[in-house]
Protein chains: 2
Amino acid sequence: MSPGEPERPGRQEHTAQPDQAEQAEIAELAVELQRLLLVSSRILRSHTASQAVSASQFSVLAHLDRAGESTPGALADFEHVSPPVMTRVLGRLGRAGLVDRTAHPEDGRQVRVTLTAAGRELVRAGRAERDAWLRSRLDGISAAERESLREATALLRRTLVPPRD
Amino acid sequence: MSPGEPERPGRQEHTAQPDQAEQAEIAELAVELQRLLLVSSRILRSHTASQAVSASQFSVLAHLDRAGESTPGALADFEHVSPPVMTRVLGRLGRAGLVDRTAHPEDGRQVRVTLTAAGRELVRAGRAERDAWLRSRLDGISAAERESLREATALLRRTLVPPRD
DNA sequence: TATTGTTATACTCTATAACTATA
DNA sequence: TATAGTTATAGAGTATAACAATA
């Protein structure tokens with residue numbers, strides 16, 4: 001350990017690792033994580049490209065099915081996209097007859113977004129087929145490994161995704 | 001456990017969980033994973049949007065820095081994109097003076113892709129700043145948590161990314 | 001004046017199909 | 001005939017800036 005470096009409890013768990021090595025270790029993890037996200041997103045997309053609606057669109061439909069209704073702004077916030085992007089997504093979903101956009105009962109600036117019957121049907125029937133490829137992959141690993149993935153998923157969400165509300 | 005269901009060793013680890021519950025558990029993990037990949041990719045992109053080259057482009061440069069040289073087809077395969085996509089990426093990188101495309105010495109059909117001096121400079125200098133945001137996030141969690149992430153990253157790669165070569 | 005949503009514009013990412021050149 | 005790469009075409013995804021309507 002280099003002289004003059006004060007101990008910093010809380011940053012170092014149980015090893016007396018110098019800071020520089022720790023930073024290098026973090027940098028390497030960042031690179032691996034970045035690449036995994038880049039590549040696995042492409043792979044996942046290629047396996048859902050033949051679906052009726054894209055992953056982005058389905059995510060909005062699924063949220064509406066859970067929440068009942070929402071507004072373009074709230075949906076954009078939840079999905080972490082800019083408002084114009086959500087306008088486009090809702091435009092497509094609307095033209096496909098999957099969502100309705102009606103006047104907001106209380107605030108004339110806002111728009112009330114709801115699922116149509118067809119939209120509700122699609123999201124509920126589609127869930128099973130939707131993640132078929134991903135599920136087939138998860139089916140091939142052990143229950144203990146899936147538990148690890150579950151914990152890592154939650155950890156990654158806490159680490160990367162800023163809290164909403 | 002439902003009657004008539006035979007035991008299937010290897011599918012069930014240490015619990016006597018019925019298949020249906022296991023399938024539901026897998027489906028839920030698939031949904032969480034899909035959403036994490038969708039959202040975290042967006043967040044990560046928004047934090048690297050101001051960089052000189054996009055994540056896709058940088059990934060190609062970094063691979064070339066490691067491998068020394070490659071071909072469009074091999075790069076497309078490694079990056080999990082279609083050949084025309086790689087043509088476009090290389091076109092941009094070439095116009096930016098970061099890669100050279102020269103005649104392949106042995107096979108006239110192939111193209112030899114190499115880094116220019118500027119390309120090598122960019123990838124080496126850029127690595128530090130590139131993942132600054134991601135590293136800042138990883139810096140905020142414990143060493144034990146990072147170790148979990150490292151293992152989960154490797155597991156996810158094994159599970160989702162088909163082996164190359 | 002601030003908020004909500006949309007439109008306009010521009011760029012990246014992505015794929016399939018058709019084409020050229022070489023083996 | 002098969003392979004490597006590019007071009008052509010089309011669409012989704014993304015953002016910022018400018019605008020309209022309402023609070």
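Computed over heavy atoms, backbone and side chain alike; hydrogens, waters and symmetry mates excluded.
Distance CG (Leu37(B)) to C1' (dG13(D)): 17 Å, rounded to an integer number of Å. As a whole-Å value, the separation of Leu75(B) CG from dA4(D) P is 14 Å. The nearest whole Å value for the distance from the CD atom in Gln51(A) to the C1' atom in dG11(D) is 17 Å. Distance Leu90(A) CG to dT14(D) P: 13 Å, rounded to the nearest Å.
Here CZ of Arg137(B) is found 12.0 Å from OG of Ser40(B). Values are rounded to the nearest 0.5 Å.
Under the 4.5 Å side-chain criterion, counting only non-hydrogen atoms from C-beta, Val113(B) is in contact with Pro72(B). At a threshold of 4.5 Å between non-hydrogen side-chain atoms, the residues Leu44(B) and Thr48(B) do not count as touching. Annotation: side chain of Leu134(A) is not in contact with side chain of His47(A) (no heavy-atom distance under 4.5 Å). Inter-residue side-chain proximity for Leu138(B) and Leu33(A) is flagged as met; some heavy-atom pair is nearer than 4.5 Å. Proximity of Ser56(B) to Arg42(A): side-chain heavy atoms (C-beta onward) are separated by under 4.5 Å at one or more points. Within the 4.5 Å cutoff, side-chain heavy atoms of Val99(B) are placed close to those of Leu115(B). Here the side chains of Leu36(B) and Glu32(B) are not in contact, with every heavy-atom distance at 4.5 Å or above. You'll find the side chain of Val161(A) reaches within 4.5 Å of the side chain of His80(A), heavy atoms only.
Contacts between residues 91-103 of chain B and DNA chain C, defined by a heavy-atom separation below 4.0 Å, involve Arg92(B), listed by number. Listed in residue order, the members of residues 54-68 of chain A having a heavy atom less than 4.0 Å from DNA chain C come to none. Of all the residues in residues 121-129 of chain A, not one reaches under 4.0 Å from DNA chain D with any non-hydrogen atom.
The main-chain N or O of Ala55(B) is never found under 3.5 Å from a side-chain atom of Ser59(B) such that the two would form a donor-acceptor pair.
The nearest heavy atom of DNA chain C to Val89(B) and to Gln110(A) marks one nucleotide each, and the one closer to the 5' end goes with Gln110(A).
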>> As a check on the pairing definition, encode DNA chain D in dot-bracket form, counting Watson-Crick and G-U wobble pairs whose two distances are under 3.5 Å, and using | for partners outside this strand.
In response: |||||||||||||||||||||||
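On the nucleic acid side, DNA chain C contacts chain A at distances under 4.0 Å to non-hydrogen atoms, with the end points of that region at dT3(C) to dT14(C).
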> For nucleotides 15-23 of chain D, read 5' to 3', which letter fits each nucleotide if B means a protein heavy atom sits under 4.0 Å from the base, S means only the sugar-phosphate is that close, and - means neither?
Replying inline: BBB----BS
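Salt-bridge check for Glu28(B) with Arg150(A): failed, with every basic side-chain N at 4.0 Å or more from each acidic carboxylate O. Classification of Arg35(B) and Glu79(A) as a salt-bridged pair holds, one side-chain N sitting under 4.0 Å from a carboxylate O.
Evaluated for a side-chain hydrogen bond (donor to acceptor under 3.5 Å, both in side chains) with Arg112(A), the options Glu106(A), Glu69(A), His104(A) yield exactly one hit, Glu69(A).
Phe58(B) and Phe78(B) fall into different hydrophobic clusters, where Ile, Leu, Val, Met, Phe, Trp and Tyr are joined by side-chain heavy atoms under 4.5 Å apart, directly or via other members.
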